[in-house]
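Working notes, beginning with the structure itself.
Predicted model, so just to flag it, every value in this text is computed and none were measured.
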Amino acid sequence: MAPTQPKRAAAMAFILLTLFIDILAIGIIIPVLPGLVKQFLGGSEGAAGLYVGLIAAVYSAMQFLCAPIVGAISDRYGRRPVILGSLFGLGVDFLIMAVAPTLGWLFLGRVVAGMMGASFSTANAYIADISTPETRARNFGLVGAMFGLGFIIGPALGGVLGEYGLRLPFYAAACLSLVNWLYGYFVLPESLPPEKRSSGLKLASLNPFRSIARLRVYPMVAGLAVAFVFSSLAQRGLENVWVLSMEYRFDWTTRTNGLALALVGLMATFVQGGMIRPFIRRFGERRTALIGTVVSAIAFAGYGLVPESWMVFCVIVFGSLSGVAGPAIQGIVAGEVPSEEQGRVQGALTSMMSLTSIFAPLLFTAGLFKLVVDRGWPIQWAGLPFLFGSALFAMALLTLGFVFVRHPGRPKE
């Protein structure tokens, strides 16, 4: 029997609050992690760029390896145990980083975080489970809004706490994750009924590369995955290079970076919480995806070219419109895949994004940013990582156009 509308609404509220607290905890450490790395390295900006990139790559490598395993387990045993296990593991991870005596311990903490962070694909599968064709794009938009809310409060709080000690935000993140786990244990319902679960776990489905190759079963999803590669590479690159770049170009403090990232979250909440449904209704999922990708390409070029720090905030406001793309694409994917395959497909997509996240920090932070610092280039060239990201979004736009032409949809799509 299909879940009733009230039950769907209640389940949606539970998973949204869970995601919000989870992202809040992650957002807290963003403004301070590069500073902690620099502290271990004696303040060297070039070396910090290299190691921040390597730490991010390690996190993504673990997420890449674990995402298909986590997705397959959630298809077989349900979403709830996977999500709860992840929340507890993240709490332990933040405690490890809070007391880390050496750089090596930070690496260990990111290994644990990567394994636990692979469950974001399960959260997407959870949303797909409880969504109808009419509500799926809106629901994925609400997920984006929770991400935005988490990044409003998280980085701002991390920036403020970081002024009193670089390790304090890690303790706060650990407390939030463990409280979230406790909350989920008592109130998070299961979204995948036993009759819709897969019959077993096959070893081949746990291989991340074979999991990605399986996307060929759904040709349109496979095409969209290529666009995911380009856009994810750019977005993950921005996340890793942002703090270091703004400190280098504009002498931003931890507090300023935290407030800027909070503005990113505020605008994302506004766009994804209130504009997804009107956009989808007016333009359809496909055109909405194209519009959002165009805005991303322009915004990244803006981040790279602005000569004054106040202009960055203007670009953040404009670039927030790009947030309509992700929920639209997730809605298309969810509509192409049956419920018993949602976990595996979402796991494969998460693996692909994690794979790009291995290379993004190496390209943007350990590569392009380190090159800028070592060469001492003027400020316009210091924006080189963001200009590279703009080019990647242009490639994603071309890919989406090709996929939509090759796989025509219904008029409302």
Is the shortest heavy-atom distance from the side chain of [X] to the side chain of [Y] under 4.5 Å?
X: Met220; Y: Val333; value: no
X: Leu400; Y: Ile329; value: yes
X: Val37; Y: Leu41; value: yes
X: Leu266; Y: Phe270; value: no
X: Tyr51; Y: Phe107; value: yes

Are Trp105 and Phe170 near enough that their ring centres are under 6.0 Å apart?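 Ring centroids of Trp105 and Phe170 are no less than 6.0 Å from each other.
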How about Phe393 and Phe300: are their ring centres within less than 6.0 Å of each other?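 Close enough - the centres of the two rings lie under 6.0 Å apart.
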May I ask you to decide if [Y]'s main-chain N or O and [X]'s side chain share a donor-acceptor pair within less than 3.5 Å?
X: Ser232; Y: Thr356; value: no
X: Arg167; Y: Ala98; value: yes
X: Ser322; Y: Gly319; value: yes
X: Thr288; Y: Gly284; value: yes
X: Ser177; Y: Ala174; value: no
X: Arg80; Y: Tyr185; value: yes

To the closest 0.5 Å, what do you measure between [atom1] ([X]) and [atom2] ([Y])?
X: Leu103; Y: Ile55; atom1: CG; atom2: CD1; value: 5.0 Å
X: Ile291; Y: Arg287; atom1: CD1; atom2: CZ; value: 8.5 Å
X: Thr256; Y: Asp251; atom1: OG1; atom2: CG; value: 10.0 Å
X: Arg286; Y: Phe404; atom1: CZ; atom2: CZ; value: 6.0 Å
X: Arg282; Y: Phe279; atom1: CZ; atom2: CZ; value: 10.0 Å
X: Phe250; Y: Ser245; atom1: CZ; atom2: OG; value: 7.5 Å

Taking it one step at a time, do Glu308 and Arg249 satisfy salt bridge (charged side-chain N to carboxylate O under 4.0 Å, His left out)? CA-CA 9 Å; Glu308 302 289 340; Arg249 295 168 65 189; over 6 Å; no
Mind listing the closest non-hydrogen atom pair of [X] and [Y] along with its distance?
X: Val241; Y: Phe386; answer: CG1-CZ, 3.9 Å
X: Gly389; Y: Ala234; answer: O-CB, 3.6 Å
X: Ala328; Y: Ile280; answer: CB-CD1, 3.9 Å
X: Gly162; Y: Pro169; answer: N-CG, 3.9 Å
X: Val32; Y: Gly158; answer: CG1-O, 3.7 Å
X: Gly109; Y: Met97; answer: CA-CG, 4.0 Å

side-chain contact (heavy atoms from CB on, under 4.5 Å) assessment of Phe88 paired with Val92: CA-CA 7 Å; Phe88 185 80; Val92 173; 4.0 Å; yes
side-chain contact (heavy atoms from CB on, under 4.5 Å) between Trp242 and Trp252, worked out: CA-CA 11 Å; Trp242 179 275; Trp252 279 12; 4.1 Å; yes
Taking atom types as modelled and ignoring hydrogens, do the side chains of Ser296 and Thr293 form a donor-acceptor contact shorter than 3.5 angstrom?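 No pair is found: no donor N or O on one side chain lies under 3.5 Å from an acceptor on the other.
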In this structure, are over 12 heavy atoms from other groups packed under 6.0 Å from Phe402 atom CZ?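 Counting neighbours around CZ of Phe402, 12 or fewer heavy atoms of other residues, nucleotides or ligands fall under 6.0 Å, so no.
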Could you check Tyr171 against Phe94 for side-chain contact (heavy atoms from CB on, under 4.5 Å), going step by step and ending with a plain yes or no? CA-CA 7 Å; Tyr171 285 108; Phe94 289 131; over 6 Å; no
Test Phe388 against Phe364 for ring pair (Phe, Tyr, Trp, His ring centres under 6.0 Å), laying out the working first. CA-CA 8 Å; Phe388 180 64; Phe364 282 76; 5.5 Å; yes
My understanding is that only residues two or more places apart in sequence, or in another chain, count here; which of them pass side-chain contact (heavy atoms from CB on, under 4.5 Å) with Tyr164?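 Once residues adjacent in sequence are excluded, the partners of Tyr164 under the side-chain contact (heavy atoms from CB on, under 4.5 Å) criterion are Val160, Leu168.
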Using the side-chain contact (heavy atoms from CB on, under 4.5 Å) rule, take Val58 and Leu54 through it: C-alpha gap first, then chi angles, then the decisive distance, then the call. CA-CA 6 Å; Val58 165; Leu54 291 174; 5.6 Å; no
Identify, with sequence neighbours excluded, every residue that meets ring pair (Phe, Tyr, Trp, His ring centres under 6.0 Å) alongside Phe318.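 So Phe318 forms no ring pair (Phe, Tyr, Trp, His ring centres under 6.0 Å) with any residue.
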